[in-house]
Amino acid sequence: MNSKSIALIIVAAGSSTRMGGQTKKEYLPLNNGTVLSTVALTFLKSNQISNIAVVIPHNGIKEAEEAFYKDSELNSIISNNQISVNFIEGGQTRQSSVYNALDFFGSKSIKPDYVLIHDGARPFLSTELVNKSIKYTIQYGASVPAVNPVDTQKEIESSGFITRHLLRKNIKAVQTPQGFTFTDIYECHKQAKLDNQEYTDDTEVYDRYSKKQTFVFDGESENKKITYIEDIPQNTHKTSESRKNKMFRTGIGYDKHRLVENRKLMIGGIHIPYEKGEDGHSDGDAVLHAITDALLGASHKGDIGSYFPDTDSKYKDADSKQLLSYAWNDVIKDGWNLENLDVVILLEKPKFLSYREQVIHSIAKTLNVSDDKIFIKAKTGEKLGDVGNGNCIEVFANCLLSK
Ligand code: MG
């Protein structure tokens, strides 16, 4: 064991809505335990960690302990080396969660020399990476692993256009563990809390308040954050194995709304600037209505009218994203997953193409699925009929569900 004391903070306070809101991703089975126990085991195998703080959701101690102590190898390392393990309730944000753990170490006068802060949903790092992180943190006072981004990076303005072409050789995607001299990062986080400022990660908090630099070393491409259940190898395996017995259902949805002045044009939850918008009881988002009907139809749950009657004043000017999200949660409860969703919009004006990616992302976010499960395209009415005259928008949505 190193003569310097090194503490580990595992951040696992999030709710994992992308997993369908069922089990937290950190508590899913992996190797001989769970994602969380795998993370802890990998760090403890460095034989340099003396204290662990696991940041967990409010009132979540029972589930957290269950997931953490699932691996017998981890349990014996903990008892043989008298590792102190503590479960700390997180805050509203990742930053406040990290602060709570730092404050635990600081106020309990454990005050380690160094602290490593790691995402609970990154279980695929190696102990070698942990060792490098410790080495560089001791050497430079702060360190972070990073990899070259696979895709070319652009800076985008909020309306969706490119503002800057970033130089690829100067861009890195940072991972965790992020390692710091304990007193430095604790002071920085205290200051950020006082200023009521939120930063993207701990290196930014450190940069902003300590005015010191963080050393960047080579990370590992495997050290990915689990976002979807398929990111866990054994689940991918299970999925393909059980595909033989999988049930598939398609659904179709259609909607049509009049286009009138003094209404916003809402397409898939995105407001598209135009002189007219959809008339309707809710916000009139025909794309989201057609999608809602397709999903409800495929799962035999009903239709948008039975879920949200337009005679109910509750739904006047309602945000259709919320309606879709409510209906989809009901579909998920029956065990359905979305395989894909394909949408056709019939709209004379304005031109849709430049909004496509933004709309796809908005729908994917509402359904908690990855963008590549969704496609959307627009056709004009060739100046024929109600669509062609610019009097309406029509939408067809087709989905495939599986379980
Ligand atoms: Mg409608």
Side-chain angles (χ1 to χ4, degrees), residues 249-332 336 338 340-352 355-356 358-369 373-381 384-401:
R249 302 269 289 249
T250 68
I252 183 166
Y254 167 80
D255 200 21
K256 178 174 185 171
H257 279 249
R258 222 179 263 279
L259 293 176
V260 295
E261 286 175 4
N262 300 317
R263 289 278 296 182
K264 284 182 174 171
L265 180 61
M266 297 301 297
I267 297 192
I270 300 292
H271 172 217
I272 293 184
Y274 185 54
E275 64 207 33
K276 293 199 258 182
E278 297 107 332
D279 197 11
H281 186 63
S282 65
D283 64 7
D285 196 321
V287 167
L288 296 187
H289 297 172
I291 292 172
T292 306
D293 262 350
L295 298 170
L296 288 173
S299 57
H300 206 270
K301 301 291 282 185
D303 62 26
I304 195 165
S306 63
Y307 265 69
F308 315 106
D310 61 10
T311 47
D312 192 335
S313 60
K314 194 161 67 176
Y315 302 116
K316 176 139 176 45
D317 296 323
D319 178 349
S320 298
K321 284 204 297 288
Q322 284 175 13
L323 307 185
L324 171 58
S325 176
Y326 181 88
W328 177 233
N329 274 330
D330 233 21
V331 176
I332 287 176
W336 293 107
L338 181 68
N340 81 307
L341 176 67
D342 196 14
V343 179
V344 186
I345 304 173
L346 299 173
L347 180 66
E348 198 68 16
K349 272 189 203 167
K351 286 227 175 300
F352 172 72
Y355 298 99
R356 171 147 75 196
Q358 210 184 335
V359 170
I360 286 177
H361 186 63
S362 159
I363 298 166
K365 211 173 143 192
T366 307
L367 298 175
N368 277 323
V369 299
K373 295 204 166 182
I374 291 165
F375 202 72
I376 184 159
K377 60 250 171 195
K379 304 275 172 198
T380 70
L384 295 168
D386 288 336
V387 171
N389 293 331
N391 292 329
C392 72
I393 178 172
E394 279 188 89
V395 182
F396 294 89
N398 182 225
C399 73
L400 182 65
L401 301 185

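Positions are given from 1 along the sequence. Predicted, not measured: the structure shown is a model, and the values here were computed from it. Whatever order the structure lists them in is the order used to number ligands and atoms, beginning at 1. Heavy atoms only: backbone and side chains are in, while hydrogens, waters and symmetry mates are out.
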N/O donor-acceptor pairs under 3.5 Å from side chains in residues 294-302, not counting sequence neighbours:
| residue | atom | partner | partner atom | Å |
| --- | --- | --- | --- | --- |
| Ser299 | OG | Leu295 | O | 2.8 |
| Ser299 | OG | Leu296 | O | 3.3 |
| Lys301 | NZ | Asp334 | OD2 | 3.0 |

Practice task
Not counting sequence neighbours, which residues clear side chain to side chain contact (heavy atoms under 4.5 Å, CB included) with Tyr274? List them please.
Solution key: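 Testing Tyr274 for side chain to side chain contact (heavy atoms under 4.5 Å, CB included), a comparison that skips the adjacent residues, returns Leu265, Lys276, Lys349, Pro350.
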Handout entry: Those residues that, when tested against Arg356, pass side chain to side chain contact (heavy atoms under 4.5 Å, CB included) (two or more places apart)
Key =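 Per chain and number, Arg356 pairs via side chain to side chain contact (heavy atoms under 4.5 Å, CB included) with Phe352, Leu353, Ile360, Phe375, Ile376, Lys377.
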Exercise for the section: State, with a plain yes or no, whether a side-chain heavy atom of Ile374 is found less than 4.5 Å away from one of Ile291. Expected result: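 No, side chains not in contact.
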Problem - Non-hydrogen side-chain atoms of Leu367 and Leu338 separated by less than 4.5 Å - result: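 They are in side-chain contact.
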Problem - Under-2.8 Å protein N/O/S neighbours of the Mg ion (ligand 1), ordered by chain then residue number - result: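 Correct list: Asp255 OD2, His257 NE2, His289 ND1.
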Handout entry: Exercise: do His281 and Asp310 side chains pair donor with acceptor under 3.5 Å
Key =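 Their side chains do not contain a donor-acceptor pair, so the 3.5 Å distance test is not met.
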